[in-house]
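Take a look at the structure below.
Hydrogens, waters and symmetry mates are skipped; everything else that's a heavy atom, side chains included, is used. Chain A is the first sequence line, chain B the second, and so forth, proteins listed ahead of strands; every chain is numbered from 1.
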Protein chains: 2
Amino acid sequence: MSNTTIKILAKELNLSVASVSKALRDSHEISKETKEKVLALAQKLNYVPNPYASSLRKRKSKTIAVVLPEVADSFFSLAINGIESVAQDKGYHVLIYLTHESFAREEAILNEFKSGRVDGILISVSDETNTSDHIKQVIASGKPVVFFDRVCDDVEAAKITTDDMESSYQATHHLVMNGCRKIAYLYTSKNLSINDKRMEGYKKALSDSGLKINEDFIVLCEGNTAGNFEIIRNLLKNKNRPDGIIACVEKLTTPIYLACHDLKLAIPDKIKVISFTNLQAALILSPPLTTVTQPAFEMGKTAAMVLFKALEKNNYNLKKETIVIPSQLTIRSTTKKDLGV
Amino acid sequence: MSNTTIKILAKELNLSVASVSKALRDSHEISKETKEKVLALAQKLNYVPNPYASSLRKRKSKTIAVVLPEVADSFFSLAINGIESVAQDKGYHVLIYLTHESFAREEAILNEFKSGRVDGILISVSDETNTSDHIKQVIASGKPVVFFDRVCDDVEAAKITTDDMESSYQATHHLVMNGCRKIAYLYTSKNLSINDKRMEGYKKALSDSGLKINEDFIVLCEGNTAGNFEIIRNLLKNKNRPDGIIACVEKLTTPIYLACHDLKLAIPDKIKVISFTNLQAALILSPPLTTVTQPAFEMGKTAAMVLFKALEKNNYNLKKETIVIPSQLTIRSTTKKDLGV
DNA sequence: GTGAAAGCGCTAACAC
DNA sequence: GTGTTAGCGCTTTCAC
């Protein structure tokens, strides 16, 4: 049991707890010899400070919270990597919370942050979230909040996003340029502002190309692959089926491929496909997938850095930082132009 | 600022802090009316207890740590999901730490756990880890540790693993049954016990089938995809190249496909492939990949459940729980038997 | 049924 | 340079 406390060190060395505490923190008030003695004994007795005692006293927890919809998605995995890398660097601890896209959970989780458990919050909201009081309350309680990827537009806080509108526009435009005339847009949530933006980019690109927007081709998918397979299969088995698909979420990729395969619709000859995803495996799919790749690691890292900026200075005004990191359209085989015909 | 404390509630209600504390915790010593008054005010003032004050006093943090090599891997993502689901259920918080396969980091991280920051630890060790003093010390400090997937054999603690030896045996056997005679085994770490077991299964399957073990076909890969591509390409461009590959790590999948493609080696006609991976996309690869699928979510969940068992009873003897959850060989096209010749 | 008092381990003013 | 004191917010005896 490494129950060594400052008190024990103090007694052992015939010093006061205060002096030991100061020595441990390398205070200039303490003589070199004392410091050395203290450090030596601390080492010997394997002293590890109790973080909560110190948190209580200093009103700083040295920990941040990361609130995510889920983690089984290449985007969020990479984002966590980015976040964790800077947190570790700064000596901070990171608590992770998954909302599983439930607003109720998100609310309950955020509510706890009004206490001193964390010094700041990084959040990508659930797709059920269309109110933001829970977040505003946390901010009002004095904790900096940084949104990344999925933001709440009506909250004044730092926001790290990617250029959803533009990249979707580009993706759609790419399909048009490669011969698509009937492009479907697949999404999974009505609430998310990132979805609004992606859909806007899609629609704008169609308009700019003189193509009509067909509401039947804008289809709302759901949570599980099996259900989505059916939805997509239904879309594609029509005589008047789309000749291009944009999937604005990674998890739609598998059902799209499966549905095309099932219907013997050759990609890219009969139908072209683009997904928003960071899956490395995109390049070994059959055929290799054209993707909109988000700067996931970068976004996580940036979000964390902005949060630490707010944590380090008490200058909360910096919170309105809005950083947009561009996504990249990576062109592979699923959008290859028909050569012959 | 939601700085409401018990003290404030007490003053407001003309009660003692002790009574308020008890009321909040629904103690039977407190009258119904008092409880109601307290709860009502707490609600009104948006009281959120300071977790660290309570941790300090109760010597319980209600948080656990999850230490992982990385998170950008389908296995670990799914495992986190499993862990988080039970933690949230139990009202626990989860701190996440990534070692990035560095022993030094793992050591530093574990060292902090001797303090009261966490009540217990879930760990999958880094591939550099071949000493376990840092873990033993944490256990000695009174914190339960549960290993999952990557364990330290010489530490007495609960271990949740999958049947690495058997599943590797099966995978190899499957290749042999489908006509492979020269099977390569690709791995990324010399230290990991799971690798030893997988390699053992591979070797045993070869021996049992009367095949010779060719050390040139047991190849150590590295961290990045580009490097691995070269390594695998070199392996496969030999005249005496393997006719089957087992990749014991997810991230080797992409370079294998790329190398085969580059060398125009048709899968499965010229070479058959099996990977240890939980990637959903395995079934839409070109061609769909035969995989050893680990029960990632289950393992995470089970590990967490075992940890909570230890946390709830003080019966630490339960710690020697060793649970093996079987993996599954999912047969797809990359191991399809040659029909014609 | 309620309250006073002590203390978890640490830090920060302020003496000396 | 070192020690004394007080207190962060909460829980827990033990009185009353």
Output yes when B:Lys309 and B:Glu321 qualify as a salt bridge under the 4.0 Å nitrogen-oxygen rule, no when they do not.
yes
For nucleotides 5-12 of chain D, give me one character per nucleotide, 5' to 3': B if any protein heavy atom sits under 4.0 Å from the base, S if the only such contacts are to the sugar-phosphate, - if neither.
-BBBBBBB
Integer-rounded Å distance: C:dC16 P and A:Leu15 CG:
20 Å
Using the test side-chain contact (heavy atoms from CB on, under 4.5 Å), find all partners of A:Asp89 that sit at least two apart in sequence or belong to another chain.
none
With a 4.5 Å cut-off on side-chain heavy atoms, are A:Lys22 and A:Lys35 touching?
no
Can you tell me the distance, in whole Å, between the CD1 atom of B:Ile30 and the P atom of C:dG3?
8 Å
Between CD1 on residue B:Ile139 and CD on residue B:Glu156, distance to nearest 0.5 Å:
8.5 Å
Answer yes or no: does a side-chain N or O of A:Ser16 lie under 4.0 Å from OP1 or OP2 of D:dG3?
yes
Euclidean distance, atom NZ of residue A:Lys11 to atom P of D:dG3 [Å, nearest integer]:
15 Å
Euclidean distance, atom CG of residue A:Asp26 to atom C1' of D:dG1 [Å, nearest integer]:
14 Å
Rounding to an integer number of Å, can you tell me how far A:Lys62 NZ sits from C:dC10 P?
17 Å
Shortest non-hydrogen contact between B:Val48 and A:Lys114, atoms and distance
CG2-CB, 4.0 Å
NE2 of B:His28 versus C1' of C:dG1: gap in Å, rounded?
11 Å
Under-4.0 Å side-chain N/O to phosphate OP1/OP2 contact, B:Thr34 with C:dG1
no
Does A:Ser55 place a side-chain N or O at less than 4.0 Å from the phosphate oxygens OP1/OP2 of C:dC10?
no
Between CD of A:Glu29 and C1' of C:dT11 the distance, given in whole Å, is 12 Å
Validation row, ring centre B:Tyr97 to ring centre B:Phe113 under 6.0 Å
yes
